[in-house]
Amino acid sequence: MDPRHARREQGGIGVNAIWAWLTDPLNWSGYAGIPVRIGEHLTYTAIAVLIAAVIALPLGLYVGHTGRGSFVVVGVVNSFRALPELGLLILLVLVMGVALALQAVTIALVALAIPPLLAGTYSGVRNVDPEVVDAARGMGMSELKIALTVELPIALPLIIGGLRAATLQVIATATIAAYVTLGGLGRFILDGLAFHDYASMAGGAVLIAALAIVVEAILTVVQRLAVSPGLRTARTRRRATRASSEPVAEAAGAQA
């Protein structure tokens with residue numbers, strides 16, 4: 001038996017027991033320690049988000065720029081969001097075999113990451129001011145150059161927002177890898193359930209939440225660094241203009 005599950009908890013679990021599990025040096029060493037599981041979890045997440053970005057970003061940019069196939073974007077986003085990831089994973093493993101469990105997990109997580117990335121890219125490009133696009137065409141830019149050098153930088157805040165949403169969803173869902181004999185932080189939850197080690201289950205859940213918070217903070221910093229100050233200033237001015245016009249509109253409605 002794994003020594004990490006030697007101490008079993010009966011009944012409920014308290015904060016002290018969770019803290020004791022998190023600070024136990026035994027849980028931070030070895031082939032199944034917390035650092036290794038975090039590395040596995042991040043690997044599954046990075047692979048899935050990268051593949052989803054390769055698929056969703058060009059498609060969202062094309063549809064947002066041309067306006068063609070917008071119904072496809074809506075359909076894909078809605079249908080993929082309705083997929084039960086665990087059920088899809090089990091189906092893929094049954095079809096592909098346990099030997100291809102990593103590929104099955106990757107497919108399931110990619111299906112989860114595509115909708116927010118696709119929706120963020122499409123919305124960001126479609127929200128670009130048409131006058132800016134017309135000005136770029138008037139300067140003789142090609143459609144590809146307009147999409148890459150004009151629309152893409154302006155749409156970057158929404159694209160990164162979609163990336164953040166996709167990454168957090170994948171981090172939370174990557175725990176399903178443990179159901180098909182793979183690693184990741186889900187192992188602590190699944191193995192803890194098997195051995196009635198409730199401290200391990202709670203500790204695994206805390207680690208997943210903490211990992212999501214840290215990654216969210218990193219992506220927030222990346223978003224602030226990637227978006228140009230001029231674009232942030234323009235967005236702030238638009239918000240201020242809308243906020244200042246709302247009281248006027250409300251007063252006019254009240255007078256009417």
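Counting begins at 1 with the first residue of the sequence. Note that these values count all heavy atoms, side chains included, but never hydrogens, waters or copies made by symmetry.
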Spacing of [X] atom [atom1] and [Y] atom [atom2] [to the nearest 0.5 Å]:
| X | Y | atom1 | atom2 | value |
| --- | --- | --- | --- | --- |
| Asn27 | Leu207 | CG | CG | 9.0 Å |
| Ile34 | Arg187 | CD1 | CZ | 15.0 Å |
| Leu61 | Glu151 | CG | CD | 7.0 Å |
| Trp19 | Thr23 | CH2 | OG1 | 6.0 Å |
| Ile171 | Thr167 | CD1 | OG1 | 6.5 Å |
| Leu211 | Leu185 | CG | CG | 6.5 Å |

With a 4.5 Å heavy-atom cut-off, do [X] and [Y] have their side chains touching?
| X | Y | answer |
| --- | --- | --- |
| Val133 | Arg137 | yes |
| Ile208 | Ile189 | yes |
| Thr175 | His41 | yes |
| Leu163 | Val49 | yes |
| Met201 | Asp197 | no |

If hydrophobic clusters are built by linking Ile, Leu, Val, Met, Phe, Trp and Tyr wherever their side-chain heavy atoms come under 4.5 Å apart, do [X] and [Y] end up in the same one?
| X | Y | value |
| --- | --- | --- |
| Phe188 | Trp28 | yes |
| Ile38 | Val206 | yes |
| Val36 | Ile47 | no |
| Leu193 | Tyr198 | yes |
| Met141 | Val132 | yes |

Exercise. Residues two or more places apart in sequence or in another chain: which of them pass side chain to side chain donor-acceptor pair (under 3.5 Å) with Arg37?
Worked result: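 Glu40.
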Problem set entry | Exam field: side chain Tyr44 to backbone Gly183, donor-acceptor pair closer than 3.5 Å |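 Checking the backbone N and O of Gly183 against the side chain of Tyr44, a donor-acceptor pair under 3.5 Å is found.
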Problem set entry | Chi angles and distances behind the side-chain contact (heavy atoms from CB on, under 4.5 Å) call for Leu57, Leu152 | CA-CA 10 Å; Leu57 293 183; Leu152 189 60; over 6 Å; no
Problem set entry | Val221 and Arg224: CA distance, side-chain angles, deciding distance, side-chain contact (heavy atoms from CB on, under 4.5 Å) verdict | CA-CA 5 Å; Val221 173; Arg224 291 188 61 85; 5.8 Å; no
For this session: Under the salt bridge (Lys or Arg N to Asp or Glu O under 4.0 Å) rule, collect the residues that match up with Asp129, sequence neighbours excluded.
Result: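 Applying salt bridge (Lys or Arg N to Asp or Glu O under 4.0 Å) to Asp129 gives none.
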For this session: Take Ile55 and Ile51 through the side-chain contact (heavy atoms from CB on, under 4.5 Å) test and state the conclusion after the steps.
Result: CA-CA 6 Å; Ile55 297 171; Ile51 295 175; 4.1 Å; yes
Please tabulate, for the side chains in residues 95-121, all donor-acceptor contacts under 3.5 angstrom to protein atoms that are two or more places apart in sequence or on a different chain.
residue	atom	partner	partner atom	Å
Thr106	OG1	Leu102	O	2.8
Thr121	OG1	Leu117	O	2.8

State, to 0.1 Å, how close [X] and [Y] come at their nearest heavy-atom pair, and which atoms those are.
| X | Y | answer |
| --- | --- | --- |
| Pro153 | Thr149 | CG-O, 3.4 Å |
| Val63 | Arg126 | O-CD, 4.4 Å |
| Pro157 | Ile154 | CD-O, 3.3 Å |

